Amino acid sequence: MSDHPPYLDQLNETQREAAMCINGPVMIIAGAGSGKTRVLTYRIAHIIRQGTDAFNILALTFTNKAAREMKARIEKVVGPEAKNLWMGTFHSVFAKILRIEAERIGFPKDFTIYDTDDAKSLIKTIVKEMNLDDKLYKPGLIYNRISNCKNSLITSKEYISIPELLEADSSSGRPLLSKIFASYQARCFKAGAMDFDDLLVNTYQLFKRYPDVLYKYQHKFKYIMVDEYQDTNLCQYMIVKSLASMYENICVVGDDSQSIYSFRGASIQNILNFEKDYPDLHVFKLEHNYRSTSNIVNASSSIIAKNKEKLDKKIFTNNQEGEKIKVVRTLSDNEEGRMVAQSIFEEKNQKQLANADFAILYRTNAQSRAFEEALRKMNIPYRVYGGTSFYQRKEIKDMISYLRLVVNPNDEEALKRIINYPARKIGATTIDKLLVLASENNVGIWDILKNAHQYPLLGSAVAHLRDFYIMMSSFQTMLTSKNAYEIAEYVAKQSTLLKTLYEDKTVEGVSKHENLIELLNAIKEFTEDDTNENEKTLSVFLQDIALLTDADKEDGITDKVVMMTIHSSKGLEFKHVYVVGLEENLFPSQLSLNSRPELEEERRLFYVAVTRAEEKLTLSFATSRFKYGNLIPCEPSRFLDEIDSKYLEISYGNARQEPMFQEKEKDKGFGKGYGMMVGKQVARPTPQIKVSENFKESNTADIQEGNTIEHQRFGMGKVVKLQDSGDNKKAIIEFDEVGQKTLVLKFAKLMIHH
DNA sequence: TACTAAGCTCTTTTT
DNA sequence: GAGCTTAGTA
């Protein structure tokens, strides 16, 4: 095709064909680094240029960040019209639709979105109320079961009619799981709340039960595009399919080799079977990798070639060969951290690179610690994505809970969280009574509060409940007259939350206070932001942030080394990438070792990690690592053996040879649990004080009476006294700045290598 | 009711 | 190691 509008000049021939084929079903198989986002961007621009209004286009992306960036790029081509695109994650787009249509399915317009913590907490409450053993009915496990059901579109009603599920439950000793499921759904409904999965399921139900609503959106979305299609689940697939059935202008983009979300119900079959759904499908394959050196491209192909379940495609590149892939062995996780930090420091100076050109990728969030410490010591700025984000912090969740309760008084989880925080003499017993009364009378807790005086059971707590009710009611009356920021500020003050944190002069307290101020500023910004047309109510703010992840939060300084899990690195690229913790049982994860599909998914994950790198790739593993406070030996990952060695630079013989760590005789002389002791014991304070973070490393070894130590948060101090109590030692330390503190020191099972 | 110390349990990955 | 629960005390 040689005829094309000039704005498509930037695409190569296949990319352009894919971008210009806008009518009818299209599947774009886009290998890593093949310019997938670019094609999608120009395709949307092309649709708009061909005369379709932006608000008739629906584009579903995997992250909010991807949506934002794509929108900005489209805007550059087509102008401000791009603002009207319906573009976002499945969750955020469907939350928007549900907000509009909520009343159809019996939810308030201002429904709450329960995050994972809220959901688990509710399950815990239900388990407790049913007098079940929460060791057996673990909230996390039940939540996963419920989530899996929802992703496969099994309702709680259908659940009890599927003998396989019931049988599996009773044989695992959890026959009442279906009851919990049903009760969980009922409680969410009563609280006017949806969990993450409900946002999808309820959309599906809405379209199924109300053909007129479906019709409206089928008409609205004349063009539908789905990015990262390999990571959609049944429910998402069904919704998209029904939305697209009117025009069949559906375009899915994905890469089967990068399907890494099966734990969320994503099915690689969606992409493998797409052809069956649409026989007149146009398929385009983008196989030219523009991102990485040929060494990296070829090495990654040699990895993914080991997988059986995949579509046929051949990735190639014209880029130069580049450096070989470095494989590095270190003795411990901490040393791995130092090695990476050192390497970044040297590379940065040698090649004049920015911090943001470097990324450290790992399998689990917990691995970030060692790298943070090492980078901090070398004064290299970094940013950790994932883990506990700003909105997960206690003080933020507390404040958010107040606001949630203002907007939706039935929000049970929010209420439980703050009814006695700050302390207002409403204890656990009273809360239990409230829950009992609510379920006995089949009303919400809020209704019980409203009429607290009518329930003799509540006894002397009535007065305190009354005060709380009056306070919350006064907040609610502001909804009609004040904006989001005015309400939030008033709530922060009146609830005494701000004051409580302000008066807490501990280091933690000060930072909590700062965080709360930051939240208030964020709300202010939201209120004043006029770049999009959405209404600026408190309820919109709350729904927005419920779907925000850590990756979405920007902070002024952007030149930082990036640290994240491989999962969240999907779609990103960096000049230099370190894939760390390549150890058997960690990556591939222990849980996936015994079954082929899971191991194949781990391999795809490895593929994703490796293909993030543009110029240089370093793979590293440690021969020992801390786990639950124990130092355990580690073996190199099998994946290191799977890469064709001609692409590698290994400095120490075969990757999987000679593990340094030799397990020694166990349980000799150190009592319970103290195996593997070789060198000397090292004192590590734990519980209240985190050693690694707070003590300068040179001081962790010898905390003795009379010694001067340096603590990162409390500064310099002198050890006044050491007390022994079994496994633990306490040290009373007089700090110059903050006075006397008692720190608990625990003997860690640390081994010293030579 | 609130606070602290000791004890128990868990580990993928995310919207 | 870290977060959370329980038991014990003020």
Side-chain angles (χ1 to χ4, degrees), chain A residues 60-65 88-95 113-117 119-121 124 134-135 138-141 144 147 151 194-200 228 231-233 235-236 260-266 333 361-367 369-370 385-389 394 420-430 461 464 546-552 564-570 581 585-593 598 601-602 604-605 608-609 625-631 684-693 725-728 730 742 744 746 748-750:
Chain A
L60 297 165
T61 59
F62 202 72
T63 61
N64 294 306
K65 193 166 171 244
T89 62
F90 275 88
H91 294 267
S92 68
V93 168
F94 294 155
I113 297 172
Y114 274 177
D115 68 12
T116 312
D117 291 340
K120 284 184 190 163
S121 151
K124 207 171 168 182
D134 66 354
K135 298 263 151 57
K138 290 178 194 161
L141 187 136
N144 285 337
S147 173
N151 288 328
M194 302 188 196
D195 66 20
F196 290 136
D197 300 313
D198 288 335
L199 293 174
L200 307 178
E228 307 285 8
D231 286 321
T232 53
N233 59 38
C235 183
Q236 294 168 318
I260 53 175
Y261 278 95
S262 68
F263 69 92
R264 226 167 81 179
D333 44 3
L361 307 181
Y362 35 75
R363 179 67 240 267
T364 65
N365 282 307
Q367 284 166 257
R369 203 208 78 247
Y385 289 81
T388 35
S389 77
K394 182 190 177 303
N420 195 34
Y421 182 80
R424 45 175 78 88
K425 302 208 184 293
I426 303 173
T429 327
T430 307
H464 301 132
L547 297 173
L548 228 48
T549 60
D550 204 33
D552 298 317
M564 58 173 75
T565 63
I566 299 164
H567 279 91
S568 34
S569 76
K570 200 171 58 166
N585 296 335
L586 180 59
F587 190 21
S589 147
Q590 192 166 17
L591 291 139
S592 61
L593 281 179
E598 267 84 33
E601 178 155 321
E602 292 284 314
R604 290 196 290 270
L605 202 48
V608 168
R625 169 180 302 278
F626 270 102
K627 195 178 182 186
Y628 311 148
N630 294 324
L631 198 69
R684 310 191 121 210
T686 50
Q688 293 80 4
I689 312 294
K690 297 172 209 153
V691 175
S692 38
E693 210 176 13
S725 61
D727 285 354
N728 294 324
K730 279 186 209 165
T742 305
V744 178
K746 193 173 165 185
K749 296 131 238 180
L750 183 66

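Heavy atoms only: backbone and side chains are in, while hydrogens, waters and symmetry mates are out. Every chain is numbered from 1 and lettered A, B, ... according to where its sequence line falls, protein lines coming before strand lines. Worth saying up front: this structure is predicted, and the values here are computed from it rather than measured.
- With its ring centre under 5.5 Å from that of the base six-membered ring and a plane angle below 30°, A:Phe263 counts as stacked on B:dT13.
- The shortest distance between side-chain heavy atoms of A:Arg264 and A:Asn233 does not fall below 4.5 Å.
- Phosphate proximity of B:dT15 to A:Thr63: absent, as no side-chain N or O sits under 4.0 Å from OP1 or OP2.
- Going from atom CE of A:Met564 over to atom P of B:dT14 covers 10 Å, rounded to whole Å.
- For A:Thr232, the side-chain hydrogen bond (donor to acceptor under 3.5 Å, both in side chains) criterion is met by A:Asn270, not counting sequence neighbours.
- Nucleic acid contact for A:Ala423: sugar-phosphate only, since backbone atoms but no base atoms lie under 4.0 Å from a heavy atom of the residue.
- To the nearest 0.5 Å, atoms OG (A:Ser569) and CG (A:Leu605) are separated by 8.0 Å.
- Comparing the C1' positions of B:dT13 and C:dC4 gives an interatomic distance of 23 Å, to the nearest angstrom.
- Atom CG of A:Asn365 is separated from atom P of C:dG3 by 13 Å (rounded to the nearest Å).
- As a whole-Å value, the separation of A:Phe626 CZ from C:dG1 P is 7 Å.
- Remark: A:Glu228 pairs with A:Lys36, A:Lys570 by the salt bridge (charged side-chain N to carboxylate O under 4.0 Å, His left out) rule, at least two apart or across chains.
- The CG atom of A:Asp117 sits 12 Å away from the P atom of C:dG3 (whole-angstrom rounding).
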